[in-house]
Amino acid sequence: MEPLERYRPIIDDFDAFRAACERPLGTAVRVNTIKASVERATAALEREGVGFDRVGWNPRVLRLATDSPGSTWSSFHGFTHGQEEVSAVPPVVLDPEPGERVWDCCAAPGGKATQIAALMDDRGTVVANDNNLGRISALRFNAERLGATSLAVTNEDARNYSLSRFDFDEFDRALVDAPCSCEGTIRKNPDALDNWSEDHIASVAGIQKGILRRAIQATREGGTVVYSTCTFAPEENEAVVQHALDEEDCRVVDFDLDLDYAPGLTAWDDEAFDSSLEQAARIYPHQNDTGGFFVAKLEVTA
Ligand SMILES: C[S@@+](CC[C@H](N)C(=O)[O-])C[C@H]1O[C@@H](n2cnc3c(N)ncnc32)[C@H](O)[C@@H]1O
């Protein structure tokens, strides 16, 4: 847990943050509205005798009273998908519309890509890409089980992604749910910080910058790009978005989210960030009893 000490200066109520990081995380599922309404999925859970609580910010997310959300009848039939509560935030911020073309740059194992397809009523095109072939099979399995027929899978490095295979040359929206140092998953995975190092953060930040830049380049003017990580490190969050602001035509925009969160940072160490980064969300585990996440919303400009 020692690496987390570096965040003492930026987190209000740091002791509550540390205590939350030491508590195991509960189980959550997202109702897959491609296959079942929330009413039908909750009725199925009741029939199975699986207890659940609805969360206030999203009617499609349920906290379950079981450690095995993937072993329920509802999951087997694709009515629900085990997904950490806060991991359901980025697609909501992306806010895709039915019929659009959406690129999920780092999509495996597909929790957010299938959520995007559901938010689009499975109409339009979701290109779910990941550079890790081993993880692609889980992505395909989840898309099949959840009945996401609008989803196409590709296996490329998102940093130099080519659209030449498509009959269109830009997306309406893109999600960069980036590979990261995963500090915010400490409640689910107590070993998450075992191999933590500043060198690793610096190396993954380079990859994140490349993917976010390509996502902005591949999205139409006026389109939306959401950048998210499950880590607290400003080098992987605000600094990556700042790099995109410096190098690409885009701006940070505000969004509504009915959860408690802290604003994005405008400085870290010796680096200053654009004041618009305050519109990003830093979701800490103690605020909503979840894992940790960072989310920023960008609009592509001319
Ligand atoms: C945080 S995980 C994505 C989780 C996924 N969005 C979901 O909700 O299920 C990050 C993913 O990025 C992929 N990745 C890492 N480097 C990449 C790159 N250069 N291009 C594309 N994908 C990459 C990893 O294989 C990993 O599956």
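Each ligand, and each atom within it, is numbered from 1 in the order the structure gives. In this chain, numbering begins with 1 at the start of the sequence shown.
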* Checking side chain to side chain donor-acceptor pair (under 3.5 Å) for the pair Asp249/Thr301: CA distance, chi angles, key distance, verdict? -> CA-CA 5 Å; Asp249 294 323; Thr301 55; 4.9 Å; no
Output the list of atoms in ligand 1 that are nearer than 4.0 Å to some heavy atom of [X], sorted by atom number.
{"X": "Ala178", "answer": "1 (C)"}
{"X": "Glu156", "answer": "20 (N), 21 (C)"}
{"X": "Asp157", "answer": "18 (C), 19 (N), 20 (N)"}
{"X": "Asn132", "answer": "25 (O)"}
{"X": "Pro109", "answer": "9 (O)"}
{"X": "Pro179", "answer": "10 (C), 12 (O), 15 (C), 16 (N)"}

* Polar-atom distance check: Lys112 versus ligand 1, any N or O pair below 3.5 Å? ->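 The answer is yes, given that Lys112 and ligand 1 share an N or O pair closer than 3.5 Å.
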Record the part of [X] in heavy-atom contact with ligand 1 below 4.0 Å; permitted values are side chain, backbone, both and neither.
{"X": "Arg135", "answer": "side chain"}
{"X": "Ala107", "answer": "backbone"}
{"X": "Ile211", "answer": "side chain"}
{"X": "Gln83", "answer": "neither"}
{"X": "Cys105", "answer": "backbone"}

* What orientation do Phe168 and Phe166 show, parallel under 30°, tilted 30 to 60°, or perpendicular over 60°? ->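 The arrangement is parallel - the two ring planes meet at less than 30°.
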* **Whether Phe17 and Tyr284 hold their rings parallel, tilted or perpendicular, with breakpoints at 30° and 60°** =>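 Answer is perpendicular, since the angle exceeds 60°.
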* Counting heavy atoms only, which of Ala108, Gly110, Ser87 is nearest atom 5 (C) of ligand 1? ->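 Closest candidate by heavy-atom distance is Ala108.
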* Asked: Out of Asp130, Asp177, Ile207, whose heavy atom is nearest to atom 25 (O) of ligand 1?
  ->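 The residue whose heavy atom sits nearest atom 25 (O) of ligand 1 is Asp130.
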* Run the numbers on Glu5 and Arg18 for salt bridge (Lys or Arg N to Asp or Glu O under 4.0 Å), then give the verdict. => CA-CA 9 Å; Glu5 274 299 316; Arg18 285 296 294 252; 2.8 Å; yes
* Answer with yes or no whether Gln115 contacts ligand 1, where contact means a heavy atom under 4.0 Å from a ligand atom. =>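 Outside the 4.0 Å threshold, so no.
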If you measure from the Lys or Arg side-chain nitrogens to the Asp or Glu carboxylate oxygens, is any gap between [X] and [Y] under 4.0 Å?
{"X": "Asp157", "Y": "Arg214", "result": "no"}
{"X": "Arg165", "Y": "Glu156", "result": "yes"}
{"X": "Glu85", "Y": "Arg187", "result": "no"}
{"X": "Asp254", "Y": "Lys297", "result": "no"}
{"X": "Glu84", "Y": "Lys188", "result": "no"}

Tell me, which protein residue and heavy-atom name are nearest [atom], and how many Å apart are they?
{"atom": "atom 20 (N) of ligand 1", "answer": "Ala158 N, 2.9 Å"}
{"atom": "atom 12 (O) of ligand 1", "answer": "Cys106 CB, 3.3 Å"}
{"atom": "atom 22 (N) of ligand 1", "answer": "Asn131 N, 3.3 Å"}

* How about Cys250 and Leu245: do any of their side-chain heavy atoms sit closer than 4.5 Å? ->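 Yes - at least one pair of side-chain heavy atoms lies under 4.5 Å apart.
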* Pick one: which of Leu259, Asp177, Val89, Thr185 meets side chain to side chain contact (heavy atoms under 4.5 Å, CB included) with Phe293? ->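 With Phe293 as partner, Leu259, Asp177, Val89, Thr185 yield a single side chain to side chain contact (heavy atoms under 4.5 Å, CB included), made by Asp177.
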